[in-house]
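Structure first, then comments.
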There are 4 protein chains.
Amino acid sequence: MTSADRPDGPRTGGSRPDGSRPGGGRTGRPRSAEADRAILDATRAALVELGWGKLSLGDVAARAGVAKTTLYRRWAGKNELVVDAVAALFDEQLHLPDLGSLTADIEGVVLRFAALLERPETKTALMAVVAESTRDEALRDRIRSAIVDRQKRLVLLGRERAQARGELPRESDPESAARNADLIFDVIAGAVVHRALVSAEPVDGEWARGFTTLLVVGLAGALPD
Amino acid sequence: MTSADRPDGPRTGGSRPDGSRPGGGRTGRPRSAEADRAILDATRAALVELGWGKLSLGDVAARAGVAKTTLYRRWAGKNELVVDAVAALFDEQLHLPDLGSLTADIEGVVLRFAALLERPETKTALMAVVAESTRDEALRDRIRSAIVDRQKRLVLLGRERAQARGELPRESDPESAARNADLIFDVIAGAVVHRALVSAEPVDGEWARGFTTLLVVGLAGALPD
Amino acid sequence: MTSADRPDGPRTGGSRPDGSRPGGGRTGRPRSAEADRAILDATRAALVELGWGKLSLGDVAARAGVAKTTLYRRWAGKNELVVDAVAALFDEQLHLPDLGSLTADIEGVVLRFAALLERPETKTALMAVVAESTRDEALRDRIRSAIVDRQKRLVLLGRERAQARGELPRESDPESAARNADLIFDVIAGAVVHRALVSAEPVDGEWARGFTTLLVVGLAGALPD
Amino acid sequence: MTSADRPDGPRTGGSRPDGSRPGGGRTGRPRSAEADRAILDATRAALVELGWGKLSLGDVAARAGVAKTTLYRRWAGKNELVVDAVAALFDEQLHLPDLGSLTADIEGVVLRFAALLERPETKTALMAVVAESTRDEALRDRIRSAIVDRQKRLVLLGRERAQARGELPRESDPESAARNADLIFDVIAGAVVHRALVSAEPVDGEWARGFTTLLVVGLAGALPD
DNA sequence: TATTAACCGAGACGGTACGTCGGGTCTTGTA
DNA sequence: TACAAGACCCGACGTACCGTCTCGGTTAATA
């Protein structure tokens, strides 16, 4: 999945499956896909150089070789733009290769997530948009669909694999299964983010091992109840 | 603990309780302690109404009935001011009453921490200053000493109590003990923050119970190794 | 006289009544004569509502139910469009009916010219295009041929009638006669415009009478020399 | 009279005689008189280089070495600023030295006024602000008090001198005297402006002579009625 | 008690970025 | 080929805050 077919990226339109516009016969000059790409690239570059606080949309437009109006036609503001720009990184970087055991899978995803958080563009942007989202429902939804839900899928996939391997029991109640997945997700993502950004300590192999042990033991002992 | 003896809170000096100054014979009109209080109150009020993004120092000064100059004499900028303003809330809210068992203690602290995060002034401010701190070493230190370290003390205290009760084994290696405390802290604080602000789901009794079970089981099984 | 045969009105071609083109075998869809009319009407309407300063070509196009492209195909810019739009008014409004005496003729033309200047579309547009023309030779020529020269013809016609009636002497030197006509034209048009737009006082019968007396006495006494 | 004591120049304040502010105890940092001067100078320079149409307030501020906000604190927009900037030229340039006769006085003022209109900053600005004033009452008042009334005083002064010399009769009815002064003013100013800016022909000695003759003859013959 | 130095309010200052608007050009699909 | 639609680049707009600075005036410790 690339940024091209992500739902709700552009400000208007809402990307129907067939690409048509609501008004009926799509008319006028179509939007430049090249501009979209250039803007998102420029946003990431500016994030690296300047950080969230000093990032200005005028500067992004200039870097992208694009007029400010072109940028505002597609995104409502800094928050929306940055969410889309970093979401693309989550697309590229987060996978869950089968490493053969639950422990290895968790350690793997922890380290890959930590590596993503180490990148200056994510480090500076992620907390900032989350902070803004506390006051902006639409932004919260955008973050959820563009970033959070994709991470959560990894948890579901990892659990399924562990169950297939017999490392975790199958859960009969689907509601409680969903609750458990949410819990595990918040624990993993929360611990890694907190370690990396709040405590500002490295998420290295040692830490990942300790954390994973704690979690796997907890899961094995707690979930069956 | 008040803002008076917090290290490096005010920009210069630091208004000792007796009003004296370190340099010896400095004269002139002393700073108004009333102004300090009014500014921090106004900051919290503005955070609630406007959120981090729309908060402006000119507006804070106006609310506090104070000139902008007075504000800048005491704080270097928005970040520093907000850290001090929300740090005071952490002072008031974070305690660890002995509830009789490790499980009860953890559940208690999780719920109290979640309640603090529910307040609009903390919710909007905490992530924002953390985001800024990714590019500002001094701010990171200020956050650490004003907020993080105080939370971490609760972990140390809770572990000590649990060890006294025999719920957790005493750790012989002090270095590994410190690592474990850090890990537990990141897991608790991270999970709660992530649940409350990123997943934007309520941290209620049920969630606290599930999380605490997972953690206690994990601790009991994993730490002895 | 309509906009169709006015020299250089439209940007290219000039939309003959029969739709043919001078170059011979040019093919393709002919320009809509309806569009021309709608654009000029919309321009005048927009001038009345918004004045020169707030007039925008996008708005004019929208009012005319026409694409901006269509507008720019015909006129080079705001100035040219407005000159053409108001020139049409001068076509309709400026005549010189023979009122029987030089005094009556002058009073008549003064009042008719003042009435034209009272119309909001002329009032706001005329000075504006003149202002622009101080920096734009082509615009100056366009104004001259579309507006000024037509007014000046009235002076020549009026003088001829007065000479025929014996109210003014025939001038032998054609060069000095032209100079005099220019002078009289600047005095009449200038005084009326200045009274109406700069002094912003009404050009009523009383003023017209006073002005005409001054002018006729001056002409009778001064020109023979 | 200089721009310093001109009424209503600044946006707020209204220039009390003692320079005090309405709110009672004038407080805060006082406005820089230097900035005022620099802005008006820069405005005239920009008018010369760019003309009214291309003049931008951001550019003026930059030339003046001043922030845009400083400019907007003092003037509401382009129109007001330019009126004040050119009004200063009228102050400096328009005098009425006694040349010994009515004819010489009129010729003198015509030529001096024409010279002022030849300057690129006045040429491009004057008609433009008049055009805008047709839709803006406040601007019209500002033009009247800053420019028009000062020119009109020359007419009154010239008539008085001519009456003292016995070239013109004293007028008994003050109301009709005022009407006559207005008429003469519109004729002189209007004719010169029209010749210079609309007809775009030079106002040289020859034209001034012809015009003055026409006017003086007219005055001598028409006014006594 | 008088001095005096630092404080305080008000608000102007030079900046940077904002988000919008209009100008004039271009690229679509359709007539 | 013209046309409606609308995206494009560009430049200016007027506003909001930033953090600094200058004012006149106040206030407590010191001399």
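Below, chain A is the first sequence line, B the second, and so on; all start at residue 1.
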Axis-to-axis angle for the helix from dT1(E)-dA31(F) to dA31(E)-dT1(F), ends of five pairs each, to 10°, equals 10°
Per nearest nucleotide of DNA chain F, the residue lying toward the 5' end, Ala67(A) or Lys54(B), is Ala67(A)
Is any side-chain N or O of Arg74(B) closer than 4.0 Å to OP1 or OP2 of dG19(F)? no
Among dA4(F), dT28(E), dC18(F), which is the nearest nucleotide to the side chain of Ser56(B)? dC18(F)
Options dC13(F), dC23(F), dC8(F), nucleotide nearest the side-chain atoms of Tyr72(D): dC13(F)
Side chain to side chain donor-acceptor pair (under 3.5 Å), paired with Trp75(D), selected from Asp84(D), Thr43(D), Asp36(D): Asp84(D)
Check: dA16(F) base within 3.5 Å donor-acceptor of Thr69(D) side chain: no
Would you mind telling me which residue lines up with the more 5' stretch of DNA chain E, Ser32(D) or Lys78(C), judged by nearest nucleotide? Ser32(D)
How long is the line joining CG of Leu71(C) and P of dA5(F), in whole Å? 14 Å
Which of these nucleotides, dC8(F), dG14(E), dG6(F), is closest to any side-chain atom of Arg31(A)? dC8(F)
Which of the following nucleotides, dT28(E), dC26(E), dC13(E), is nearest to the side chain of Arg73(D)? dC13(E)
Please tabulate, for side-chain N and O atoms in residues 50-59 of chain B, each donor-acceptor pair with protein atoms closer than 3.5 Å (sequence neighbours left out).
unit_1, atom_1, unit_2, atom_2, d
Ser56(B), OG, Asp59(B), N, 3.2
Asp59(B), OD2, Arg63(B), NE, 2.8

Which of dT25(E), dC10(F), dG19(E) is nearest the side chain of Lys68(A)? It is dG19(E)
Under a 4.0 Å heavy-atom cutoff, the residues of residues 57-66 of chain C touching DNA chain E are Leu57(C), Gly58(C)
Using whole Å, what does the distance between atom C1' of nucleotide dT22(F) and atom CZ of Arg29(D) come to? 5 Å
Of Thr70(A) and Ala35(C), whose nearest nucleotide on DNA chain F comes first from the 5' end? Ala35(C)
